[in-house]
Chemist: 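What follows is a structure written as C-alpha cells; I'll ask about it next.
Order of the sequence lines sets the chain letters (A, B, ...), proteins ahead of strands, with each chain counted from 1.
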2 protein chains.
Amino acid sequence: MSDERPIGVFDSGIGGLTVVKALRDLLPNENLSYLGDTARVPYGPKSPETVQRYAIELAEMLTKEKAKALVVACNTVSSVALPALTEKFPVPVIGVIEPGARAALAASRNRRIGVIGTRATIRSGAYEKALQAEDPNVHVISRACPLLVPLIEEGLLGDDVTEQIIRRYLEPLLEDEIDTLVLGCTHYPLLTGAIASVLRRQIMIVDSAQNCARAVEQMLDQESLRAAPLNNGSLHVALTDSADNFLNVARDALQLQFGDIEIRVLS
Amino acid sequence: MSDERPIGVFDSGIGGLTVVKALRDLLPNENLSYLGDTARVPYGPKSPETVQRYAIELAEMLTKEKAKALVVACNTVSSVALPALTEKFPVPVIGVIEPGARAALAASRNRRIGVIGTRATIRSGAYEKALQAEDPNVHVISRACPLLVPLIEEGLLGDDVTEQIIRRYLEPLLEDEIDTLVLGCTHYPLLTGAIASVLRRQIMIVDSAQNCARAVEQMLDQESLRAAPLNNGSLHVALTDSADNFLNVARDALQLQFGDIEIRVLS
C-alpha cells in the first residue's frame with residue numbers, strides 16, 4: 001500500500017526550502033507542498049502566542065490539501081508550537097529541533113556542543129532543553145547570530161564580510177572547545193561551506209535540515225505513509241506574499257526546481 | 001488657541017523612533033503617541049496592498065485616540081500608502097519621503113543626488129519620483145542597502161564590519177559624484193556618524209527624520225494645531241508585540257526617554 005498525499009512543509013518564509021531540498025534528495029518519490037509565510041516573515045521577533053497562532057493557520061491550509069504529515073521547517077515554530085500543532089492536527093508533525101539535537105549527541109565525543117541560531121531560537125533554549133533531555137551531562141554553548149540570515153538573503157554566501165561575521169560569532173564556541181556545531185536555523189545550511197572554512201579543526205557540523213529529513217523518512221516507514229517507489233515526487237511552492245530576491249538565491253544555491261509560485265493571500 | 005491632542009506617529013517597527021527623537025527635539029511641547037507594528041515587522045518585503053492594509057489599521061488605532069495629525073515614520077509606508085491614508089483620514093498626514101526629497105534639492109549644488117534605503121523603498125522609486133517631480137533635471141542614483149537595518153538592530157553602530165559594508169554600498173554613488181546623500185530609511189540616522197566617516201568629502205547628508213519633523217512643524221503652524229508653549233510634551237510608546245534588543249539600542253543611541261511600553265495585540 002502506498003500513500004501519495006503530499007507532505008506539507010511550512011516555514012515563516014523561504015529558509016525552509018533547505019529542508020525541502022533535503023527531503024527531495026532523501027525521498028524523491030514523495031509529493032511535497034511547501035507553504036512559506038512571506039507576508040509575516042520573520043517570526044523570530046514575535047511572541048510565542050503569535051507564532052503559535054500563525055503556525056496553526058498555516059498547518060490548517062496544508063491539512064485542507066490532505067497533507068499526510070506536517071514538517072515544521074522553521075526553528076522558531078518548532079521551538080514554541082510543536083505541542084499545540086501535535087494536539088490540534090491528526091497527522092504526524094515533525095520539527096527540526098529534536099532531530100538536530102539527536103544527531104548532535106550521536107556525533108559528539110567530548111559532550112561539548114555548540115548551537116547557533118536566530119536570537120529567538122537561542123533565547124527559547126529549545127536546543128539546550130532537547131539536548132539535556134537526552135543527556136543531562138552534555139555541555140551546551142549557544143550563540144545568537146542575527147546577522148547571518150540577512151547576509152544569506154543578500155546572497156553573500158562566500159563573501160569576506162560573511163566570513164568575518166561568522167568568525168566573530170564562532171570564536172567563543174571554539175574557545176569553549178566544542179567538537180560539534182548545530183546549525184539551528186533553516187537558513188544556515190546555505191552557509192555550510194563558509195562555516196566549515198572558519199571552523200578548520202575537526203568539528204562536526206550538524207545540519208538540522210538533513211536530520212529533519214531523516215526523521216521524516218523514519219516516521220513515514222513507521223506509519224506506513226510512503227509514496228509508491230515509482231511515484232515521481234512533485235514539489236509545489238506557495239507563499240503568502242510575493243517573494244523577494246532571496247527566493248532566487250535559495251533556488252540557485254540549492255539547485256531546487258519548481259514551477260510557478262502560488263500566492264495565497266491570508267484572510 | 002492651542003491643541004494638546006497627540007501627534008500620532010507610526011512605523012512598521014522601532015526604526016521610526018528616530019523621527020520621534022527629531023520631533024521631540026524640534027517640538028518639545030507636543031504630546032506624541034508612537035505605535036510600532038513589531039508583530040508584523042518588516043514591511044519591506046510585503047506587497048503594497050498588504051502594507052496599505054496594515055497602515056490603515058495602525059492609523060485607525062491612533063485616530064481613535066484623537067490624534068490631531070498622523071506622521072508616517074516609515075519609508076515603505078510613505079512610498080505606497082500616503083494617498084490611501086490622506087483620503088481615508090480627516091487629519092493631516094505627513095510622510096518621510098517628500099520632506100527628505102525637498103531638503104535634498106535645497107542642499108545639492110551639482111544636481112547629483114544619491115538615495116539609500118531598504119530594497120523595498122528603492123524598488124518603489126519613491127524618492128526618485130519625488131525628486132524629479134520638483135526638478136526634472138536632477139540625476140538620482142539609488143542603492144538598496146538591505147544589510148544596514150540588521151547591522152543597526154545588532155547595535156554595531158560604530159563597528160568595522162558596518163563601515164566595510166557602508167563603504168561597499170556607497171562606492172558606486174561616490175564614483176557617480178553625488179554631492180548629496182538622502183538617508184531613505186528611518187533606521188539610518190543611527191548610522192550618520194559611520195556614514196559621514198566613509199563619505200569623507202563634502203557630501204551633504206539629508207536625514208529624512210529631521211526633515212520630516214520640520215514638515216510637521218510647518219503643518220502645525222499652517223493648520224493652527226500647535227500645543228500650548230507651556231505644555232510639557234509627553235511621549236507614549238505602544239508596540240503590537242514585545243520588543244527585542246533593538247529597542248534598547250535605539251533608546252540608548254537616541255537618548256530617548258519614555259516609560260513602560262504598552263503592548264497592543266492586533267485582532
Chemist: Between B:T162 and B:L156, is there a donor-acceptor pair closer than 3.5 Å when you use the side chain of the first and the backbone of the second?
Modeler: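 Confirmed, B:T162 side chain pairs with B:L156 backbone.
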Chemist: Under a 4.0 Å N-O cut-off, is there an ion pair linking B:R119 with A:E153?
Modeler: no
Chemist: I'd like to check B:M61 versus B:E57 (side-chain heavy atoms, cut-off strictly below 4.5 Å). Are they in contact?
Modeler: no
Chemist: Tell me whether the rings of B:F246 and B:H187 are parallel (<30°), tilted (30 to 60°) or perpendicular (>60°).
Modeler: parallel
Chemist: Between A:Q52 and A:V80 (side chain of the first, backbone of the second, donor and acceptor by atom type, cut-off under 3.5 Å), is there such a pair?
Modeler: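 Pair found, side chain donor or acceptor close to backbone of A:V80.
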Chemist: What part of A:D37 gets within 4.5 angstrom of chain B, counting heavy atoms only: side chain, backbone, both, or neither?
Modeler: neither
Chemist: Side chain, backbone, both or neither: which part of A:E154 has a heavy atom under 4.5 Å from chain B?
Modeler: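 When you check distances to chain B, atoms from both the backbone and side chain of A:E154 fall under 4.5 Å.
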Chemist: Counting heavy-atom pairs closer than 4.5 Å to chain B, which one of A:T240, A:T50, A:D159 comes out on top?
Modeler: A:D159
Chemist: Does any backbone or side-chain atom of A:I263 lie under 4.5 Å from a heavy atom of chain B? Answer side chain, backbone, both or neither.
Modeler: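 Contact with chain B: none, neither part.
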Chemist: Out of A:D160, A:V149, A:V41, return the one with the most heavy atom pairs under 4.5 angstrom to chain B.
Modeler: A:V41
Chemist: Counting heavy-atom pairs closer than 4.5 Å to chain B, which one of A:R168, A:R40, A:R123 comes out on top?
Modeler: A:R168
